[in-house]
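We use all heavy atoms of the structure for the numbers below, so side chains are in, but hydrogens, waters and symmetry mates are not. Below, chains carry the letters A, B, ... as their sequence lines are ordered, and counting in each starts from 1.
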Amino acid sequence: MSLLATTSIATIADYAGQTVTLSGWIHNKTEKGKLIFLMLRDGSAMIQCVVFKKNVSEACFAHAQQLTQESACRITGGVRADSRAPSGYELDVQDVEIVSITEDYPISPKEHGVEFLMEHRHLWVRSSKQHALLRIRAEVIAAAQEWLNAQGFIRFDTPILTATAAEGTTNLFGTDYFDLGRAYLAQTGQLYVESGMMSFGKVYCFGPTFRAEKSKTRRHLTEFWMIEPEVAFADHDDNLALQEQFVSAIVQRVLERRSEDLRVLERDLEPLKRIVPPFPRLSYDEAIELIRTKHHEVEGCLPIAWGEDFGAAHETLIAQQFDRPVFIERFPSAIKAFYMQPDPNRPEVALCADLLASEGYGEIIGGSQRIHDPVLLEARIREHGLSIEDYRWYLDLRRYGTVPHSGFGMGIERAVAWISGTRHIRETIPFPRQLYRLYP
RNA sequence: UCCCCGAUAGCUCAACGGUAGAGCAUCUGACUGUUAAUCAGAGGGUUCGUGGUUCGAAUCCACGUCGGGGAGCCA
């Protein structure tokens, strides 16, 4: 049963032959003398409504004439299958009720530049492609949480206002916090979610995270959403297995439920259909060697020495060797976060991995096995020049019932950009926050 | 923070040292099958700002503002 008195356009096929009332906005209008075509959008779908002058009252035809792009209205008419209609069904209009008339809607069906569209982001979300993309975002978020819930994970929310830097070095957004000095917006929920892991075993946090880095690329936002699972008694290999199942499940569910939106975005579905476990795995050492032999395949890609981190060109080169996402594992500890567990066979590398999306969309997951030994963790905190006092609670997790554990974080916007085939990350979130954009 | 590029009608762009232009949108009129309808007509400009070069600047130069692409950093 519907919560509203009006019919949802998405279910219009169920009403063929019946008279219904639809509520929505005029997406487009074509006048042809005594015949008017109204493309009505209600959020669920669109349908073409046909107004014939001789079939309706004078008042009704006048109302239809007054409607402009994005005017709101209620339209009553008969549902009829018609091959001439874009969606296969159209509405034979009997009555038009105007709810509000829109004047001078800024976004016409013609082309626009990025600056103009971003300035009108609050209206741009009504456009077909943005609508499809944000539906896919919602599906990715729902799929991620529901898959984890089905695996016995508990959502464990972590704070956004924190007293210190979680990972120390990166730039943070700060704000005054009453008499307690500075507070910072979280750049990850990971440390806190480890507390939940010791309580519930399998947990995840999901929320916005903030990076005050002056990144200016199509892969970066200053505010982005991250989902971070954390599992007790899970080692590095368990972690990678979890990640490839998680990512595959999300992709397959989007293919299953949002194929119409992927079609609107003209996304090639074949690469997505291949996203099933197992994903290829490459050690950091193997990646260095691959770059040495194949760096000429990507412009601007130069060989790097052991101990250096990869740049964007290196990631592109590595990702394009495979037809599905690829793990790069066991990075040098020196270039990774302080909490990552060293490989017992090679203490100079960490039991961590980055997952690079296929088709050159870059890193979508970063994860690791965490240090569970309190002595080692405390030493690492000191080595990184961090305050033991700030991490007292985090060290407590290792003092009381410590166990090996692993986890990872997936950036929602990068995953959505990859799955939807969207070049720029800014379109994958309703209101992107970037270096030079805080409005609307 | 660094490198590259851009700003002209509501929008997308042209004019590149000599009278400010087009398409779309808007308004008026015609049209019973349009899918970004078509046809006819009309209105619409502080060429981002400040200074400079020049007989003359949208055009060349400097600085500034806003924005776009990329690097680094990362998800």
Exercise. Hey, is the side chain of A/Arg426 poking within less than 4.0 Å of OP1 or OP2 on B/G67, counting only N and O atoms?
Worked result: no
Exercise. Base, sugar-phosphate alone, or nothing: which one does A/Ile107 contact when heavy atoms must sit under 4.0 Å apart?
Worked result: nothing
For this session: Find out whether A/Tyr394 and A/Glu194 are in side-chain contact, i.e. whether some heavy atom of one side chain is under 4.5 Å from a heavy atom of the other.
Result: yes
For this session: With the side chain counted from C-beta on, respond yes when A/Cys205 and A/Asp157 share a heavy-atom pair under 4.5 Å apart, and no when they do not.
Result: no
Exercise. With sugar-phosphate meaning primed atoms plus P, OP1 and OP2, does A/His120 contact a base, only sugar-phosphate, or nothing at under 4.0 Å between heavy atoms?
Worked result: nothing
Exercise. C1' atom, B/U19 versus B/A58: distance in rounded Å?
Worked result: 14 Å
Exercise. Is the shortest side-chain N/O distance from A/His112 to OP1 or OP2 of B/G10 below 4.0 Å?
Worked result: no
Exercise. Hey, does A/Asp309 reach any base, or is it just sugar-phosphate, or nothing, if we go heavy atoms under 4.0 Å?
Worked result: sugar-phosphate
Exercise. Picking from B/C73, B/A75, B/G72, which would you name as closest to the side chain of A/Ala312?
Worked result: B/G72
For this session: To the nearest Å, give me how far apart CD (A/Glu115) and C1' (B/C5) are.
Result: 13 Å
Problem set entry | Parallel, tilted or perpendicular: ring planes of A/Tyr439 versus A/His122, cut at 30 and 60 degrees | perpendicular
For this session: Determine, for A/Arg346 against A/Asp285, whether the closest basic-nitrogen to carboxylate-oxygen distance falls under 4.0 angstrom.
Result: yes
Problem set entry | Proximal nucleotide (of B/G69, B/G67, B/G72) relative to the A/Lys216 side chain | B/G69
For this session: Using the P atoms only, state how far B/C2 lies from B/G56, rounded to an integer number of Å.
Result: 37 Å
For this session: Can you check each nucleotide of nucleotides 24-35 of chain B against protein heavy atoms at under 4.0 Å and return B for base, S for sugar-phosphate only, - for none, in 5' to 3' order?
Result: S------BBBBB
Problem set entry | P spacing across the pair B/A25 / B/A37, given as an integer number of angstrom | 7 Å
Exercise. So which one's nearest nucleotide on RNA chain B is more toward 5', A/Leu355 or A/Tyr436?
Worked result: A/Tyr436
Problem set entry | Option among A/Thr21, A/Asp14, A/Val20, A/Asp42 that satisfies the side-chain contact (heavy atoms from CB on, under 4.5 Å) test with A/Thr7 | A/Val20
For this session: Identify, between A/Phe310 and A/Arg423, the residue whose nearest nucleotide on RNA chain B lies closer to the 5' end.
Result: A/Arg423
Exercise. Does A/Lys29 NZ have over 12 foreign heavy atoms under 6.0 Å away?
Worked result: yes
Exercise. Between A/Ile425 and A/Phe224, is any pair of side-chain heavy atoms under 4.5 Å apart?
Worked result: no
Problem set entry | Close side-chain approach of A/Gln434 to A/His220, heavy-atom, < 4.5 Å | no
Seminar exercise, completed: For RNA chain B, the dot-bracket notation using Watson-Crick and G-U wobble pairs below 3.5 Å, [ ] for pseudoknot-type crossings and | for other-strand pairs, is (((((((..((((....[..)))).(((((.......))))).....(((((..]....))))))))))))....
Exercise. Where the side chain of A/Lys214 is defined as all heavy atoms beyond and including C-beta, which of B/G72, B/A75, B/C74 is the nearest nucleotide?
Worked result: B/G72
For this session: Give a yes or no on whether a salt bridge exists between A/Asp354 and A/Lys336, defined as a side-chain N under 4.0 angstrom from a carboxylate O.
Result: yes
